[in-house]
Amino acid sequence: MSKISGSEAVIKCLLEEGVDIIYGYPGGAIMPVYDELYKYQDKIHHVLTRHEQGATHSAQGFARISGRVGVAIATSGPGATNLVTGIADAQIDSTPMVCITGQVSSHLLGSDAFQETDIIGISTPITKWNYQITKASEIPEILAKAFYIAKSGRPGPVLIDITKDAQFEEFNFSYKKINGIRSYNPTPVIEMDKIQEAAELINNAKKPFIVWGQGVILGNAENEFKELIEKSGIPAAWTILGASAIPTSHPLNVGMLGMHGNYAPNILTNECDVLIAIGMRFDDRVTGDITRYAKQARIIHFEIDPAEINKNIEVDIAVLGDAKQTLSKITPLITKKSHKNWLDKFKKLYEIEYNKVIHNELNPSKKGLTMGEVIKEINLQTNGDAAIVSDVGQHQMVACRYATFNKSKSNITSGGLGTMGFALPAAIGAKMASPEREVVAVIGDGGYQMTIQELGTVFQTKAAVKIVVLNNDFLGMVRQWQQMFFDKRYASTEMVNPDFVKIAEGYYLKAKRVSERKYLAQAVEEMIKSKEPYFLEVVVEKEGNVFPMIPTGCSVSEIRLD
């Protein structure tokens, strides 16, 4: 053991956990830690974001594409509160993240000192765990717990607040990784009788249907999942966070669930006889009206978090456990089948959707560019191997619907919270975690301007992200709702936008603007071939809508094609 300061202990703890990149913004209450970071910059790369929210989203992007814990750091007061949106986003989307905040000295706590906020009280509802350190000797154990809790079981964000005096205080440092905490059981014990019950129900089903979510990806269960669906022959559909667990082209992948999902999986949810939910939480955007959701079906729920069982949808069999383990145990008990006639129903409904919606979106006859044809061109230029990081809005739904995903962890977006401004900083984190992958941020003109300052981070780090802004001069998703349900009263949704190309060029980025179809392919090709960061603005039709759509309060059976 050696005697070191609390601030140096923080850095040594991060190194012990294998952290080599952190995202943050310095300030008075966290300055001692930054002083130590300066001494360790050959071992830990600190990325200076332009806003603390950008730090959390970058850490999220890093975590989502790598499967590792993302780390964000900020000072007290406004620095800490600026992390809140990203923390809440990580909580609802089960993203492993550790946030470290500085705090005023312990003798000032509760005195309304300069830049003091009760970040523990503020963040309690949106973290998996949080803790305030007031003594340097607490740092090793608390940070070890933080990383263990963030990544174990159902992942999530943890916040550790450290007073300034604890950062200066010296103590005898030693570090021990934590592999268990008393009374904390992150992975439920698998009950084989539930596995056997589920297998029997699946084997006897005539029209079984699998719906899967991000739990498959978080559990690294992609191979086990693929083996299950191929042996059972069951058609499978995905939530937006579950996308890419199996390739888009897989013959049993029948598309996206939910409000703007595909026609067939939504309609046939209410026709299947057994619904098998794997690693998903029956979010309202997936279920529509829960009083009319799959009432005819027996429901099996594979889930790691017991709190999700029967929370939204009553199920017949709950299979608790890590997806990798539960799926590997049930597959040997499954009878090999094809369910050809049932699968043909999905294909027939897909043809209806293709003729009424998809063909017109991807091969439009209208003058204006559509969002779908931009995604189609990105697919062609990247061979479906890119990681698509989308923001929130119409473009997000279009990207999820039409992007081609050949490998897992390729669809990175804000799901449950729906955070506009997510994509640009998240793409920076994703690119840094996987520099060998093409990372394309697809963003609307509204969300882009919420974190546009992170272009400075792109410029300073030279992270070779490709930024595509689909510009319709509207807050498109809200406008669509106003058109459909508020008699076209476009209240505060039309945007008067700046010259995005000039702004990008002001950050010394290569930039181009396209407004005509004949220039689209060349512009996308130039962007993808660039070895540097690249900004592409595509002017799309102003009042284009995303269909299919399940209106709020409707059943999945009431999905509309126009």
Side-chain angles (χ1 to χ4, degrees), residues 1-24 26-46 55-56 59 62-63 68-76 79-80 83 87 90 96-107 109 119-120 123-124 127-153 155-186:
M1 290 194 296
S2 57
K3 205 162 192 178
I4 62 172
S5 68
S7 54
E8 186 176 3
V10 171
I11 307 304
K12 285 186 173 290
C13 291
L14 295 176
L15 290 170
E16 289 281 355
E17 291 293 339
V19 174
D20 51 13
I21 298 178
I22 64 176
Y23 301 87
I30 198 67
M31 208 175 296
V33 171
Y34 270 86
D35 188 53
E36 291 300 330
L37 266 174
Y38 183 82
K39 302 171 189 175
Y40 283 86
Q41 55 190 303
D42 59 327
K43 294 182 180 178
I44 295 182
H45 176 43
H46 175 270
T56 53
F62 177 94
R68 298 166 60 193
V69 178
V71 179
I73 184 169
T75 193
S76 63
L83 299 177
I87 294 171
M97 181 167 68
V98 170
C99 293
I100 297 170
T101 54
Q103 185 55 277
V104 301
S105 292
S106 54
H107 73 279
L109 290 172
I119 194 61
I120 295 298
S123 65
T124 294
T127 50
K128 195 175 175 186
W129 183 60
N130 64 12
Y131 189 88
Q132 186 175 75
I133 293 174
T134 58
K135 297 288 184 185
S137 58
E138 296 180 289
I139 289 172
E141 181 184 0
I142 296 304
L143 282 181
K145 279 186 177 180
F147 278 87
Y148 174 67
I149 291 170
K151 66 188 175 186
S152 58
V158 172
L159 181 136
I160 304 301
D161 193 43
I162 311 175
T163 61
K164 196 166 184 178
D165 52 327
Q167 296 172 49
F168 281 121
E169 186 183 6
E170 292 191 342
F171 73 109
N172 291 318
F173 175 83
S174 65
Y175 193 80
K176 184 180 179 183
K177 280 194 178 185
I178 287 177
N179 294 309
I181 300 171
R182 190 176 68 177
S183 79
Y184 170 56
N185 301 306

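If you read the sequence from its start, that first residue is 1, and numbering goes on from there.
Sorted by first then second residue, the side-chain hydrogen bond (donor to acceptor under 3.5 Å, both in side chains) pairs that include residues 157-166, not counting sequence neighbours, are T101-D161, Q103-D161, S106-D165, Q132-D161, T163-D165. Among residue pairs with one or both ends in residues 128-141, those qualifying as salt bridge (Lys or Arg N to Asp or Glu O under 4.0 Å) are E141-K145; sequence neighbours excluded. Note on residues 29-43: pairs passing salt bridge (Lys or Arg N to Asp or Glu O under 4.0 Å), not counting sequence neighbours, are D35-K39, E36-K39.
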Can you list the steps and then say if L109 with T134 is a side-chain contact (heavy atoms from CB on, under 4.5 Å)?
CA-CA 10 Å; L109 290 172; T134 58; 4.2 Å; yes
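The distance from atom CZ of F168 to atom OG of S5, rounded to the nearest 0.5 Å, is 8.5 Å. Rounded to the nearest 0.5 Å, atoms CE (M31) and CG (L37) are 13.0 Å apart. Between atom NE2 of residue H46 and atom CD of residue Q41 there is a gap of 11.0 Å, rounded to the nearest 0.5 Å. Atom-to-atom distance recorded for I87:CD1 and L159:CG is 5.0 Å, nearest 0.5 angstrom. Here SG of C99 is found 11.0 Å from CD1 of I22. Values are rounded to the nearest 0.5 Å. To the nearest 0.5 Å, the span separating CD1 on I178 from NZ on K176 amounts to 9.0 Å.
When every heavy atom of D20 is checked against every heavy atom of R68, the shortest pair comes out as OD1-NH2, 3.3 Å. Heavy-atom minimum distance, G70 versus F62: CA-CD2, 4.1 Å. For the pair S123 and I119, the tightest heavy-atom approach, listed with the atom from each and the gap, is OG-O, 2.7 Å. The minimum heavy-atom distance linking N179 with Y148 is given by the pair O-OH, 3.4 Å. The minimum heavy-atom distance linking V69 with A150 is given by the pair CG1-CB, 4.4 Å. The minimum heavy-atom distance between S152 and Y184, with the atom names listed, is OG-OH, 2.7 Å.
For K151, the salt bridge (charged side-chain N to carboxylate O under 4.0 Å, His left out) partners two or more places apart in sequence, or in a different chain, are E17. For Y40, there are no ring-ring contact (aromatic ring centres under 6.0 Å, His included) partners, not counting sequence neighbours. For the salt bridge (charged side-chain N to carboxylate O under 4.0 Å, His left out) test, no residue two or more places apart in sequence or in another chain qualifies with E169.
Taking 4.5 Å as the limit, every side-chain heavy atom of V10 sits out of range of all side-chain heavy atoms of Q167. Contact check for F147 versus L14: side-chain heavy atoms found under the 4.5 Å cut-off.
Checking I142, I160, I100, I139 one by one against C13, the side-chain contact (heavy atoms from CB on, under 4.5 Å) holds for a single residue, I139.
Ring geometry for F171 versus F173: interplanar angle over 60°, hence perpendicular rather than tilted (30 to 60°).
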